[in-house]
Amino acid sequence: MEPDIEEELLCVEAELQDVQDQIRALLDRQEKLYERQSELQTLLDGYKISQSAENKAAPVAVEDWSGSFEWDSRADDTRFNIFGISSFRANQREIINAVMSGRDVLVIMAAGGGKSLCYQLPAILRDGVALVVSPLLSLIQDQVMGLTALGIPAYMLTSTTSKEDEKYIYKALDKGEGALTILYVTPEKISKSKRFMSKLEKCHHGGRLSLVAIDEAHCCSQWGHDFRPDYKNLGILKIQFPNIPMIALTATATYKVQTDLMEMLHIPKCVKFVSTVNRPNLFYKVLDKSSVGKVVIDEIADYIRGSCSNNESGIVYCFSRKECEQVAKELRDRGISADYYHADMDVVARGKVHLRWSKNKLQVIVGTVAFGMGINKPDVRFVIHHSLSKSMETYYQESGRAGRDGLPSECILYFRPGDIPRQSSMVFYENCGLQNLYDIVRYCQSNRKCRRSAFFQHFGEAMQDCNGMCDNCAYGTEIKEVDATYHAKIIASLLHDMQSNDQRATMLQLVDRFRAKIKASGASNTPASDLKKEEVEQLIILLILDRVLKEEFQHTAYATNAYVTLGPLWKQALQGKKAVKLEITIGQRGNKGGSPKGANKRTRTSGLETKLDELRIELSSSHGGIFPHAVLSMQQINMLGHQKPTSIEELEKLIGKVKAEKYGNRIIEIIQPYVTLENPDVMEQDLRKASENGGNKRLKKKDKNLVYVESSEDE
Ligand SMILES: Nc1ncnc2c1ncn2[C@@H]1O[C@H](COP(=O)(O)OP(=O)(O)OP(=O)(O)O)[C@@H](O)[C@H]1O
Ligand SMILES: [Mg+2]
C-alpha cells in the first residue's frame, strides 16, 4: 500500500511541477504580449495623430521623393564634381529632395550608409548657413577638415575654435559677411551659450539659416544607447525656427526611440526614411576562443598578416583596459603595428592614437567600448572581438565600424563560454541586461543559423539573403549532436546538493565538480565521461539559456562574482524529463584555412593601387593634415587602378572636378608609367567606355580575378 502512495505522490509532484512550468511559460508570454500591445498602441496613436494632422492641413499631393525636382541637375553636379561621388546610394536622393522641399526629415540609415551627404549636399544647394549639431569634437573636426579640403566653407564653433574664427563666424551669422555654408556645433552650444543663440536668431531673421541637421540623433532619447543630456534641449531649435527644415539622422533607432526623437525635436510631421540594417559587405564569423591567451593572439596576428598584409586598418575590441594594453603589446611583439585606446588614458593620448590610426600610420587600435562613436574611418577592413559584446545591439554597432566605404570587410568574434560570467556580472543590474547578453550568447553558440538573420530578427526587419557572407552560410561547421540529458541531470543534482549545504559555485567550480564527480564515481564508461572541459562549460551555458540553471551575483569588496544556481526548470532536468541536446563542433569552428567569399574580394595586389595609396597619404599631409580618405577613397583608388586615366579630363569623369583639379597632376604622374606597360588597344577601349559612361558606371573588369566593388544604389 505504502509504495503505491509514494509512487502516486511522486507522479502528482512531477505533474504539479509540469503545470507550474507551463504557468511560468504562459506568464512569460503574457508579459511579452503586453509589451507588444503597448508598442502597437503607440504605433496606432502616432498613425492616427499624423492622419488627423494631415486631414486638417491643406490636401497635399502624394509625396514622391524620387521624382524629378528643379534642383536635380545642380544636385547631381555637386554630388559628382564636389564630393566626387559617382551615384547616390539608396534613399540619399529622396532624403535630399525632402529637405530641399523644406520638410522636416528623420533618417534611420545604417553606419556608413552615407548620412552626411544627406545634409551636406542640401546645405550647399540652399542659400545661407546650415547648422549641424554633432555630439563629439573629433567627429566635428573630421567633417570640417574633409569639407574644407573640398573647398566648402565649413566651420565649427567649439571649445577649440580660435578667437579669430569665432569672430568670423559671429560676423557671418550676424551680418551675413564672409562665406559660411556649414557650421558645426556641439549640443552644449545650443543649451549653454546665449550669445550663440542670439547670433543664430539674427541669422534666421536675416533669412540666412538654410537648414538644421541633428547628427547622431539617438543621443536625444533616454531609450537610445548613448543618451546625452544636452541633446534634450535641442527641441528649442524647432520652436525658434519653425519654418527651417530640420533633418535628424541616426544609424539605429528602435520604434520607441524614433517616436521619442520626433517628440523631443518637435518634428511630428517629419518625413521618415528608414533603411535596412543590413550591411551586405560585412562578413560575420564566430571563432572558438582558446583558453590559452597566447593562442588567441597568435591567431589574430596570423589573420592580420595573412588577410590584411597591405596595412589595412582594423579594430580589436577587448573586455577590459588591462586586456587592451596586453593584447596591443602582444600584437606588437608579433610585428603588428598596434596601440591601445581606453577610458583610463588622458584625452590627449587617446586623441594621438586615434589620429595616427586615422592617418594610416597605425594599423590596429585595440580598444574597449570607449573607442566608439566618432570613428569616422571609412576603410576599416576588420573588426575583431577578443571577447563577446554585452548585447546584439552593441555588437551591431561595434562590428559595424568595419567597411563603412561599402567594400568587403570582416567581423570576427572570438567566443568561449568562460567569458560570459565577466560580462554578466557587469550587466545583470541593467534593464534587460542579462536577457540582452544571452541573446548574443545564442548568436555565438549557433552553428547553423545565418548570422545576419539574427540582426534582422533583433531589429524587427524582414529577412534578406546573406549571399554567403557569414560563416554558417559560407561553409557551415561539422557538428556532432550529443544527448546531454544525463549530464544535465548530474549537474542539477550536484547543484541541488550544494545548495542544500548553503554552498555556491562559479561556472569554473561547477565544471570541476562535475568532472570530479564523474571521475570519483569511476564511471569512465558513462556517457557523462565523454565531455571535455570546454564542452561542459558549453553545456552549462546551454542550461542557463534553457532556464534549467541561472546566474546569481554577489558583491565582494573588490568585485562582483557570478555564480551558477538552479533555475526554474531544474526539477525537470533532475528527473531526466528535460531533453538536452548539445551541439559539439568537430575540429575547429569556422573554416580557418579557407577564405570566405568576402575576404577574397578585397585582395588588392596591384602595384599601382599601392602607389596611389602612398600618394594619398603624402597629399593628405601636404594639404593641411586632412585624412587620406578625404583625398581619395579606397573605391576611387580601385577605380583609378583599373581605369588608369591619363588626362585631367578623363580623371574628372572619375573623381569629379574638385579633386581632379587639386590632385590631378600628381595622380596622373603616378598612373602614366603603368599605362605604357599595358596593351594600348585594351586601354583605348577602356578609356572610351569610361567617357561613354560619363564616369558614373565602372568599367567591366579586364581581369577575372580582380573583383572591384563599388557601393552605389545599383550595386
Ligand atoms: N553615394 C555614395 N557612394 C559612394 N560613397 C559614398 C556615398 N555616400 C557616402 N559615401 C561614403 O561613405 C562613407 C560613409 O559615409 P558617412 O560618413 O556619411 O556615413 P554615416 O551614414 O554618417 O555613418 P555613421 O553612422 O557611421 O556616422 C564616406 O566615406 C562617404 O564618403
Ligand atoms: Mg555619420
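When a ligand or atom number is given, it counts from 1 through the structure's own listing order.
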Would you check whether G113 has a nitrogen or oxygen atom less than 3.5 angstrom from a nitrogen or oxygen atom of ligand 1? yes
Should you measure from each heavy atom of [X], which atoms of ligand 1 turn up under 4.0 Å away?
X: A110; result: 21 (O)
X: S87; result: 1 (N), 2 (C), 3 (N)
X: F88; result: 1 (N)
X: S116; result: 16 (P), 17 (O), 18 (O), 22 (O)
X: P378; result: 29 (O)

R404 heavy atom under 4.0 Å from ligand 1: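 It does, in that a heavy atom of R404 comes within the 4.0 Å cut-off of ligand 1.
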Against ligand 1, does D405 come closer than 4.0 Å with any heavy atom?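 Per 4.0 Å heavy-atom rule, D405 does not contact ligand 1.
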Check the surroundings of atom NZ in K352: do more than 12 heavy atoms from other residues, nucleotides or ligands lie under 6.0 Å from it? no
Any ion pair linking [Y] and [X] (charged N to carboxylate O, less than 4.0 Å)?
X: D379; Y: K377; answer: yes
X: D405; Y: R381; answer: yes
X: R93; Y: D76; answer: yes
X: D339; Y: R356; answer: yes

Could you pull out the closest heavy-atom pair between Q92 and G113, with the gap in Å?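 So the two residues come closest at NE2-O, 3.9 Å.
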Under 3.5 Å, is there a donor-acceptor pair between the T276 and Q464 side chains?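 Present: a donor and an acceptor within the cut-off.
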Heavy-atom nearest neighbour of [atom] within options [options]:
atom: atom 22 (O) of ligand 1; options: R93, Q397, K115; value: K115
atom: atom 6 (C) of ligand 1; options: R89, Q92, R401; value: R89
atom: atom 14 (C) of ligand 1; options: G112, G84, S633, C118; value: G112

Run through F455, Y396, Y284 and flag the one making a ring-ring contact (aromatic ring centres under 6.0 Å, His included) with Y443. F455
